[in-house]
Amino acid sequence: MPFTLATWNINSVRLRADLVARLLLEEAPDVLCLQECKSPVDKIPLETFVALGYTHMVARGQKGYNGVAILSKLPLEDAGAEDFAALGHARHVAARLENGVTIHNFYVPAGGDKPDRDINVKFGQKLDYLTEMRDWFRNEAPQKSILVGDLNIAPREDDVWNHKQLLRIVSHTPIEVDHLGAVQEAGAWVDITRKDIPQGQLYSWWSYRSPEWDAADKGRRLDHVWATADIANAGHSSRVLRPARGWEKPSDHAPVFATFDL
DNA sequence: ATGGTGGAGGATCCA
């Protein structure tokens, strides 16, 4: 049966609870993974989502920053959370569906402005976070798993609006792309979005600082859906809900969808 | 090299 999942960096789940509700109403994914909730778990407006049939949630939160949540129409079991690089941040949570599929929801550190760990602690933390993700998946050998989230890296040339111009911009530097590739390899993860949409420019994020985001289209594909081979080998399809970037008071990210034949 | 916008929380920190 088809199973539809979406991932969305919401940039404050409390400020944009109405946008989340709109997405759930109009698109009705089975599961919605949110990042940057910027809220303690007990202040997430769960009633709004429960009223729309999303009666299950697994989340980790903190005041003001970070925060990840998995909303679901289907029962979920909390499958834990990791604190890679010991940052003390709510950047990961996992949940298990009754069919045994595990969902990992990640918000990888953005990494600051300068792509040099000697002068920018945040860049070093981002690389360390990815290295610990890699080591963890090397030990776990994930199966029947889906990994989604704002990974804050656009790995391919056609994942950014201008490859050459962004080579020294955090999110597209070769060292970040290498680190992300090592995570992918360690878990034998398949990039579902790019399996389904292999050709052409594809973005999920457009900066607030760029007016005319739609016309200028200076985007990056920072939001990802990966799956292990047992899931990826069955049928699947993907899309980016770009219009959501143009909704009133939008997040700077658009939701990424994947539908699997589970 | 710089600044551009937006969220949290009430000064800056973060993206």
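Numbers restart at 1 for each chain; the letters A, B, ... are given by sequence-line order, proteins then strands.
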When rounded to the nearest Å, what value does the distance between C1' atoms of B:dA11 and B:dG7 take?
14 Å
note: A:Q62, atom CD; B:dC14, atom C1'; distance rounded to Å ~ 11 Å
A:W161: ring pair (Phe, Tyr, Trp, His ring centres under 6.0 Å) partners, not counting sequence neighbours
none
Can you list the residues that meet the ring pair (Phe, Tyr, Trp, His ring centres under 6.0 Å) rule with A:Y129, with sequence neighbours excluded?
A:F84
By ring pair (Phe, Tyr, Trp, His ring centres under 6.0 Å) - contacts of A:H92 (at least two apart)
A:H104, A:F106, A:W136
List the atom pairs, with distances to 0.1 Å, where a side-chain N or O of residues 45-57 of chain A and a protein N or O form a donor-acceptor pair under 3.5 Å, not counting sequence neighbours.
{"from": "A:Y54", "atom 1": "OH", "to": "A:P29", "atom 2": "O", "distance (Å)": "2.5"}
{"from": "A:H56", "atom 1": "ND1", "to": "A:L74", "atom 2": "O", "distance (Å)": "3.4"}

Rounding to a whole Å, what distance do you find between A:Y129:OH and B:dA15:P?
13 Å
Can you check the distance between B:dG4 and B:dA15, where both ends of the measurement are the C1' atom (answer in whole Å)?
13 Å
For A:D214, all residues meeting salt bridge (charged side-chain N to carboxylate O under 4.0 Å, His left out), sequence neighbours excluded
A:R242
In the 5'-to-3' direction, what one-character label does each nucleotide of nucleotides 5-13 of chain B receive under the scheme B = base within less than 4.0 Å of a protein heavy atom, S = sugar-phosphate only, - = no such atom?
BSSSS---B
Starting at CG of A:N66 and ending at C1' of B:dA15, how long is that distance when rounded to a whole Å?
10 Å
Using whole Å, report how far CG of A:D113 lies from C1' of B:dC14.
10 Å
Taking atom P of B:dC14 as reference, at what distance in whole Å does atom CZ of A:R91 sit?
10 Å
In residues 159-177 of chain A, what residues come within less than 4.0 Å of DNA chain B, judged by heavy atoms?
none
Non-neighbouring partners of A:R14 that pass side chain to side chain donor-acceptor pair (under 3.5 Å), sequence neighbours left out:
A:S39
Do the rings of A:W226 and A:W189 sit parallel, tilted or perpendicular, given the 30° and 60° boundaries?
tilted
Considering only atom P, compute the distance from B:dG6 to B:dT2 and round it to an integer number of Å.
23 Å
For residues 164-186 of chain A, which residue pairs pass the ring-ring contact (aromatic ring centres under 6.0 Å, His included) check, not counting sequence neighbours?
A:H163-A:H172
For nucleotides B:dC14 and B:dG9, find the distance between their P atoms and express it as a whole number of Å.
14 Å
Apply the test salt bridge (Lys or Arg N to Asp or Glu O under 4.0 Å) to residues A:E27 and A:R239: give CA-CA distance (whole Å), side-chain angles for both, the deciding distance (0.1 Å), then the verdict.
CA-CA 12 Å; A:E27 304 295 335; A:R239 67 195 174 105; 2.4 Å; yes
